[in-house]
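Data first, discussion second: the structure below is written as structure tokens.
All figures in this text were calculated on a predicted structure; none of them were measured in a lab. The figures here come from the full heavy-atom set of this structure, side chains too, leaving out hydrogens, waters and symmetry mates. Chain letters run A, B, ... following the sequence lines, proteins first, then strands; residues in each count from 1.
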Amino acid sequence: MSDSILYARAFWGLMVRDISVLRREFIAFMVRTVMNPLMFVFVFTYLFPKMGQDFQNARGISFGTLILPGLVAVAIFVQGIMGVALPLSFEIGSTREIEDRVMSPLPVSLVAIEKIVFSSLQSVVAALVVFPMIYFIPATPVHVHVNSWTVLIGNVLLASLASGAVGLTIGTIVKPQHIALMFGVVVVPVTFFGCVYYPWAALHSVRWLQIAVLINPLVYMSEGLRIALTPEAPHMPVWATLAALLLCVGLLGYTGVRGFLNRVLS
Amino acid sequence: MPNSAEDIVSIRGLTKRYDGKVPVEAVRNIDLTVRRGELFGLLGPNGAGKSTTISVCTTRTPPTSGTVWIAGLNVVEAPAQARKHMGVVPQYNTLDRQCTVWENLYFHCRYFGYSSATATKRANELLEMFRLTERSKSFVRELSGGLAQRVQIARAIAHQPEILFLDEPSAGLDPQSRLALWDSIRQLLAGGITIVLTTHYMEEADELCNRVAIIDHGKILVCDTPANLKSSVGAQKVISLHLRSVSDSAFERSLGELAGVKGVEPTKEGVRIFVDNLDGLLPRIIEVTGPRLKDISISETTLETVFIKLTGRDLRE
Ligand SMILES: Nc1ncnc2c1ncn2[C@@H]1O[C@H](COP(=O)(O)OP(=O)(O)OP(=O)(O)O)[C@@H](O)[C@H]1O
Ligand SMILES: [Mg+2]
């Protein structure tokens, strides 16, 4: 067997393992993916309008329209944390069960990259599950309009890979005993300052924050989906989100793989 | 390059330093050769560098200097290829907690390129071979230590490697499981695989291994068959005296002058005397020792004696 075939088969073996474990835990996967957007959409875009407290954008864009891309982005982002960072942190730092996979006949960096790829797969599934939910629940009409499928698919894929890279990086850095802390210190601020519930352009009134949030990868995921799904809402230019997401994938992917190698080969 | 095709493991000038806050030189310039088909033991106390040596051989730890070849492949230059030839059971349980016993075996085969059908067949075969069929659907957390150990060994040989590394396989096992483990080790060996195991139980090294290297503070002190190592001590029996007061050199000299005594060494509790046979020696030793004698014990030479001779310390200290 030539080396590249051997590597490809080992890589596929790792994917098969992850997919079959995910299949067994599909209910848990659905719950962690669906609960947050479901509650959010129900309260803010169903209950509030029914109670006569509808948020309307100055341009007459409904709140449902505004947050739909953001909530899909969060669903994509959360997979990197829940599907990769969390299990990886334990597999490396506590049970050391990652070692059997590290001993597979392929370069160790591919074991790390498999984690990113598998996480992206979960992210895409999550996006597909969450989208109809936030489209159909709101009481006020949600305007979705796909101008370019290429931009949509490109943004979803890049956002998924970027979230996998974030997950890999966090999973290799954070010790299992600090995982709970990581949620408070990383996940909560990232989602609240991720242009999920408001478009980036709306931040212009708090200029310093508008600039500070640019280091947050979730900003580009939300804005990218805004371009692709709800172009009538204010959004960043296409090239900016694609370039920023590409940079995230490259930079965090590299950091994550390096971190992984440092942890498992000592 | 390794000397001959017979050598499945070749270690040349291997040094490993861990650069932490306190740098540790865990392995210092060791040379070792393991021949195909043998059961090779690395015997040494805690912290001797056994696991580090295994880790470097199995591509998990990059060496600071020196070279290791496994089946003719340099583990630093061709780690992925080298891994095809080896199986490893680390010192701790690394079974996949998310998977059942059967899945642990099955997925391991998949990692090594087996098709789904071949992996299924191989996993079933291994369950049978290691008497695990009943537990095939158990998850790892439900397994006892001995069973988990068995699954780990089954998984390590699933891809039919030429060499199996076992790091402290019997640590933490009850005596019955240990005997069962020894049985499966002998069976694997009969099947033609080469085994390198580490241990700090001298009985295990003595009982099982064709050759043993004694390692301490990262250095190989000796490497030979258990029989040769024991005869190198030059005595058949060891008499340990437990004294009420500390031993002194005059006392040790008078013991050494007794006919049949090969050597005398002070220990924490008293002295240790190496003799060829006991013929009439005990009464004379007791006489020389007098009232300060608290207790006396006699043992055959073991690998432990060899270790004591080489380091002046007990293996268990
Ligand atoms: N990852 C590491 N970082 C720093 N020091 C280490 C590391 N691993 C091992 N050491 C140190 O290297 C030395 C040798 O350790 P090693 O685990 O190889 O010994 P061992 O013979 O396997 O001992 P044991 O019987 O306890 O398993 C010890 O002093 C240990 O503290
Ligand atoms: Mg060890």
Practice task
Supply the atom-to-atom distance D100(A) CG to H108(B) NE2, rounded to the nearest 0.5 angstrom.
Solution key: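 Here the rounded value is 5.5 Å.
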
Problem - Distance (rounded to the nearest 0.5 Å) between Q98(B) CD and E91(A) CD - result: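 It comes to 6.5 Å.
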
Exercise for the section: Determine yes or no for a side-chain-to-main-chain donor-acceptor pair under 3.5 angstrom, with R110(B) supplying the side chain and W12(A) the backbone. Expected result: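 No: the side chain of R110(B) does not pair with the backbone of W12(A).
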
With only heavy atoms counted, which part of [X] is less than 4.5 Å from chain A, the side chain, the backbone, both or neither?
| X | result |
| --- | --- |
| E103(B) | side chain |
| T58(B) | both |
| N93(B) | backbone |

Practice task
Flag the one option from V88(B), N104(B), T94(B) with the top tally of heavy-atom pairs under 4.5 Å to chain A.
Solution key: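 The option with the most such pairs is T94(B).
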
Side chains of [X] and [Y]: does their closest heavy-atom pair fall under 4.5 Å?
| X | Y | answer |
| --- | --- | --- |
| T59(B) | M103(A) | yes |
| R17(A) | Y111(B) | yes |
| L6(A) | K84(B) | yes |

Within a 6.0 Å radius of atom [atom1] on [X], are there more than 12 heavy atoms belonging to other residues, nucleotides or ligands?
| X | atom1 | result |
| --- | --- | --- |
| E142(B) | CD | yes |
| F183(A) | CZ | yes |
| Y254(A) | OH | no |

[X], part contacting chain B, at a heavy-atom distance under 4.5 Å:
| X | value |
| --- | --- |
| V16(A) | both |
| F90(A) | neither |
| V264(A) | backbone |
| L14(A) | both |

Exercise for the section: Let me know which of D96(B), L95(B), V140(B) forms a side-chain contact (heavy atoms from CB on, under 4.5 Å) with E97(A). Expected result: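 That would be D96(B); it is the only one of D96(B), L95(B), V140(B) passing the side-chain contact (heavy atoms from CB on, under 4.5 Å) with E97(A).
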
